Amino acid sequence: AQSVTQLDSQVPVFEEAPVELRCNYSSSVSVYLFWYVQYPNQGLQLLLKYLSGSTLVESINGFEAEFNKSQTSFHLRKPSVHISDTAEYFCAVSAGGGSNYKLTFGKGTLLTVNP
Amino acid sequence: KAGVTQTPRYLIKTRGQQVTLSCSPISGHRSVSWYQQTPGQGLQFLFEYFSETQRNKGNFPGRFSGRQFSNSRSEMNVSTLELGDSALYLCASSAVYEQFFGPGTRLTVL
């Protein structure tokens, strides 16, 4: 079984400041890792994913995350945030190797970007 | 391609009633998963269907059930509703390595 811990439930930052949202996971098997974003009254949108290969993955809107196997972490970072990045962010894990239709989510981190 | 659609978007029911939610996956996707999202428990996996068969199941009581049709559309049913069933129910259809989520159905149980 897998579990995910998002260390911060809320992260307030000012516009144009850097941000890091922390995520740690636990699993006895190899995993796939995901970050999803949820805007108010909407479903989840995939932000980025790690399946294999390069441990640094990037999204089209400036976010990046680094898979660290030794620390079992997959922290999300952005060097300069915008007001429109205000949303809830969820880290998720699925077991690799074909059993990847069940996602285990963290509790979420509410990112609030203030002007 | 059209995204995942869920109907209805909002529902209000009373305790003891039953409810059916519908999900239409992205064309070509054969796997549909359901999740419950609440402020207290967060996002929890309910079940997953693939080619009309339930392939995975989460830790929910038998009041929660689902099915999938030959066109991959899926429904979930909750019988004997309880106040604690109030939640956002999300459906996701799967490509090989990622899940695409619908907007959800907001169920309120009074």
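Everything quoted here is computed from the prediction, not taken from an experiment. Chain letters run A, B, ... following the sequence lines, proteins first and then strands; every chain starts at 1.
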- Query: Does any heavy atom of chain A fall under 4.5 Å from the side chain of B/F47, the backbone, both, or neither of them?
  - Reply: neither
- Query: Checking B/L43 against chain A: side chain, backbone, both or neither under 4.5 Å from a heavy atom?
  - Reply: both
- Using the six-membered ring wherever Trp is involved, compare the ring planes of B/Y35 and A/F105 and label them parallel, tilted or perpendicular (cut-offs 30° and 60°). perpendicular
- Heavy atoms only, distances under 4.5 angstrom: which of B/R106, B/Q37, B/Q41 has the most pairs with chain A? Name it, please. B/Q37
- Cut-off 3.5 Å, side chains only: do A/S73 and A/N68 have a donor facing an acceptor? no
- Task: Let me know if A/Q38 has heavy atoms under 4.5 Å from chain B in its side chain, its backbone, both or neither.
- Result: side chain
- Winner by heavy-atom pair count (cut-off under 4.5 Å) against chain B, out of A/T104, A/L46, A/L44: A/L44
Going by atom type alone, with no hydrogens or angles, which donor-acceptor pairs under 3.5 Å involve a side-chain atom of residues 12-22 of chain A and a protein atom two or more places apart or on another chain?
residue	atom	partner	partner atom	Å
A/R22	NE	A/D8	OD2	3.2
A/R22	NH2	A/D8	OD1	3.0
A/R22	NH2	A/D8	OD2	3.3

- Query: If you measure from OH on A/Y39 to CD on A/E88, what distance do you get to the nearest 0.5 Å?
  - Reply: 12.5 Å
Donor-acceptor pairs under 3.5 Å, side chain of residues 2-9 of chain B to any protein atom, not counting sequence neighbours: which ones?
residue	atom	partner	partner atom	Å
B/Q6	OE1	B/C91	N	3.0
B/Q6	OE1	B/G104	N	2.9
B/Q6	NE2	B/Y89	O	3.0
B/R9	NE	B/G104	O	3.1

- Quick one: disulfide (SG to SG under 2.5 Å) pairs with a partner in residues 16-71 of chain A, sequence neighbours left out? A/C23-A/C91
- Determine, for B/R63 against B/D85, whether the closest basic-nitrogen to carboxylate-oxygen distance falls under 4.0 angstrom. yes
- Item | Between A/Y36 and A/F90, ring centroids under 6.0 Å | no
- Does anything in residues 55-63 of chain A get under 4.5 Å of chain B by heavy atoms, and if so which residues? none
